[in-house]
Amino acid sequence: MKSVIHETRDIAKKYLAEFGFEKDQIDHMIATGQRDLEALLTTLDAQVKSEMTSAEDLDATLHALKGLLFQMGNHPLAEQIDALRDDQDPKVQLRMINGLL
Amino acid sequence: MVLRTEDAQQFVKWIQEDFGISTHRAKEIVNQLQCYLEEEETLLLYDLTYAIYSRSETSLAPKIVHTVLKFFTHLYGQEYYQPFRDELIKHYTNLQEKLFMQMLEHARQIEDRSDSARKILLHTSKRLSETLDTQELMIANISHEMRTVLNAIYGYLSIVQERGELRGEEKSYLDKASSATTNLKALVSDILNITKINSGQIEIVNESFWLDKMVLECADQIAMDLEKKSAIDLDIEIDFLPTKLYGDQNHIMEIIVNLLSNAVKYTDKGFVRLSVHHTPISEKLIEVTFRVEDSGIGIHPDQIEHIFSPYSRFKKERQGLGLGLHISRQLAKKLDGKLRVESTPGEGSRFEFVLKLRVDKHHSIDLTGKHIYFYIENKEAKNMLEKISFLQTHGANVTVFRNEARFINHLLTPSDIRPDFITIITDKKGYAKFDALIYYLKTLATYQQAIFIAEMNQGDISLSYFDRIFEYQAPLSTYMLTRKKYTDQSTQVKKRIAILAVDDTETNLEILRMFILKAFPNATVDMATGGYEAVGMFKIKSYDVVFLDLKMPGMDGFKVLEKLKQINDSPHIYAFTADVYKSNFDKVLHAGFDGLLEKPLQPGMLEKMIKKALDEKRDS
C-alpha cells in the first residue's frame, strides 16, 4: 500500500507541476490526494478480506481508485486497475489487488 | 580562638542589618562561626550556600562575601585577637575559597538548568506548532464534512418543502428546521474561513469595481437580518466617487457585511449607519474609510481589547460563534487595511475599516447620445447634483424635472427623443402613481428601450413596472448599462461564471477546481461530494455549468441529473468520469448530459466546455 501511495505522490508532483501550478497548490493537492488514496486502499483491503463484499461494491471501489489515480497522473496504474475490473477471473483479480496492497 | 561577647553581639547586629533576619537566627549563625573558628564541626558553610541557592537573589552572594570580610577584618583589627592573626587569615582564606567554589558550582547548575529549560521550551514549541497544524487540518476536515452533511440535510428539507404536503404547525417546524440548517451552515462557513486564514490559504483577487455599487450590495446582503428587526433604520451615506477602483472586492465586502451584520445583531432599536468616505492620497491612490455605527448595546471597555480575538462573543443570547470580527481583522490585515473600534456601553459602537485602493484609470466612460430624465420631488437626495453633473460631463443629455404635472406632460407628449434612463425620486404615493403610468408608457415606441429607475424608495410598496428599485441612491454604474444587456444582475456579475463540481472523491474535486481557476480566475467553483449535497446546493444558487461524477454512493450521477433538470433546465451539465467507453458515452448523451469530461482531466476540453457556457451567458 505504501509503495502505491509514495509512487503516486511522486508522480503527482511532477504531473501537476507540468501544468504550471504553484508549489503551495501542488503540496495541498498531494496532501488531499494521499489522504483519499489511503482511504480507498484501506477500503479495498477490508473488502478483499471480508466474505460479505459484493462484486458491485468491489467494482465501485476500484472505479473510484482508477479515477483518483488518473487525476493524480498515475495513468499506468489506473489502466491496470481498469483492466483488473474487466477481468472475470476472481483469482486473478484478488492476486492483482493483493499485489497493490 | 573564642569570640568575645561584645564581638559576637556586634556580629549578630550586622547580620540582622545586612540580611533582615531574626535575632535568634542571627545568633545561630554567629554560634556556627564560633565553632568554625574553633575548628569544630559546623554547618556554617552549608547554611551560607543553602541561603545562596534557595533565595535566588543575585545580590546575596556578594553580600555574604562582604559580611564575612567585615567579620574577619573587625577581628583582625582588634588587639585582643593579635595572637590569633595567622589563624584568622587561614580561616578567612579557607572560608572564602569554599564559598567561591560553591558559587561557581551554583552558577554552573543555573546554566545547565537554563539550557534544559531552553531545550524543553523548543521541544514544547515544536509540539505545539504540530498540534496546531493537526488541529487546523482536523477542523478543516470536520468543517468540510459538516458542510457536506448540512448541504445534504438542506437538500432533503428542500425536497420536502417543495412537495408542499405539510400544513400548519408541521410546515412551520419544517421551515424552522430549514432556517436552522442555514444558520448552522453559516457557522461552519465561519470556521472554515478562520482555518483558511490561519493556514494562509486566502488569496487576494484584485478587480475593477464601482465603490457605490459594492456598498449597496453589502446593504442588500443584510436585508434578511434587518427584516427581523423592524425597530432599526439602516442609513447609507456614500461620498460621490466618479471613478472605478481596483481591489479585492469580495473580501472587502465580506468585512463590511460582517460589521453590518454585527451591528444589526447587537442593536435592538435605533439605527445602523454605513458611511463611506474617501481621501485622495495621490493621482493613483485613494484612502477609503468604511464606518459602521450603531445605537446598540455597546461594548464595555474591559471587553474591547478582546473583541477581535476568536470566539469572543459577549452576549451568549446573540447567535454566532464570535469569529466574525476576528476574521474581519485578519482579512483587513491581509488587504493592508486597518480595522478599529470605539464604543460606549448602552449607547452604541463605531467600527472603522480603512484601506488604500488604486484608482482604475483604464476604463473610460462615454455617455454621448444618452438621454436621461430625472424627476426629483422635493426630496433630499445626497450626491444627486454631483451625479447629474458627472453624467453631463461624460456626454449624457440630462433633463431634470421638479414639477410632477410638467414631468408627466412631457412623458405623454410625442417626441423624437427616446430616453435611455428615467429616474424617479418621490414619495410612496408618487411611486404607486408612476408605477401605473410606466405600465402604459412601456407600450409606446418612445419608451421601448428606456430603463425606469426608482431611487430612494424606502417605503413598503410593491412596484411592478419599474425596472430597477433602489432603497438608496442608484450607483453610477446603473447608467452605463444598455437595455439589450440589461438584467437584474450587473455585467460584472455576469462575467463571473458559477460552476458546481460533484464527485465523491475530494481530490478529484480539488484538482478540477484548480484547473478551472487557472483558466478562469473569475469563476466561482462550489464542490459537492454527493448527490444529495449537490441537489441542496443547486436549489439555493444558480449555476452556469455542472460537472457531475457518474458513479457515487447513494444517488448516482444519472439520478442527480434528473433531479437537477427538474429544478433548472438551463445550466450545462457534463458527466465527469474515467469510464470513457463508447457505451458509456451513448448512455450519457441519452440521459440528457451536454457532454462528457474525461478523467484524467483534459484542460483543453474543460476550457472549451466552460467557454461555451460563458459565451452563451454573454449573449443572453
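Sequence lines set the chain letters: A, B, ... in the order given, protein chains first and strands last, and positions in each chain run from 1.
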**Q.** Proximal component of B:F576, with respect to chain A [non-hydrogen, under 4.5 Å]
**A.**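 Side chain only.
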Q. In terms of heavy-atom proximity below 4.5 Å to chain A, should B:P603 be classed as side chain, backbone, both, or neither?
A.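 Contact with chain A involves the side chain of B:P603 alone.
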Just wondering, more than 12 heavy atoms not from [X] lying within 6.0 Å of its [atom1]?
X	atom1	value
B:K612	NZ	no
B:K541	NZ	yes
A:E38	CD	yes

Q.
Please classify the contact between A:F19 and chain B as side chain, backbone, both or neither, with a heavy-atom cut-off of under 4.5 Å.
A.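 Contact with chain B involves both backbone and side-chain atoms of A:F19.
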Q) What are the two closest non-hydrogen atoms of B:A578 and A:G67, and how far apart are they? A)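 Scanning both residues completely, I find the closest heavy atoms to be CB-CA, 4.0 Å.
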Q | Minimum heavy-atom distance between A:L16 and B:F515, given as atom pair plus value | A |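 Heavy atoms of A:L16 and B:F515 come nearest at CD2-CE1, 4.5 Å.
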Separation of [Y] [atom2] from [X] [atom1] (nearest 0.5 Å):
X	Y	atom1	atom2	result
A:Q71	B:T505	CD	OG1	9.5 Å
A:H75	B:K599	NE2	NZ	12.5 Å
A:L68	B:E506	CG	CD	11.0 Å

Note, [X] side chain near [Y] side chain (heavy atom, < 4.5 Å):
X	Y	result
A:H63	B:T577	yes
B:K551	A:D59	yes
A:M29	B:I511	yes

**Q.** Check: B:T507 main-chain N/O paired with A:T32 side-chain donor or acceptor under 3.5 Å
**A.**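 No, the answer is negative, given that no donor and acceptor are paired below the 3.5 Å cut-off.
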Q.
I'd like to know which of A:M72, A:K66, A:Q34 tops the heavy-atom pair count under 4.5 Å against chain B.
A.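 Max contact count across the listed options: A:K66.
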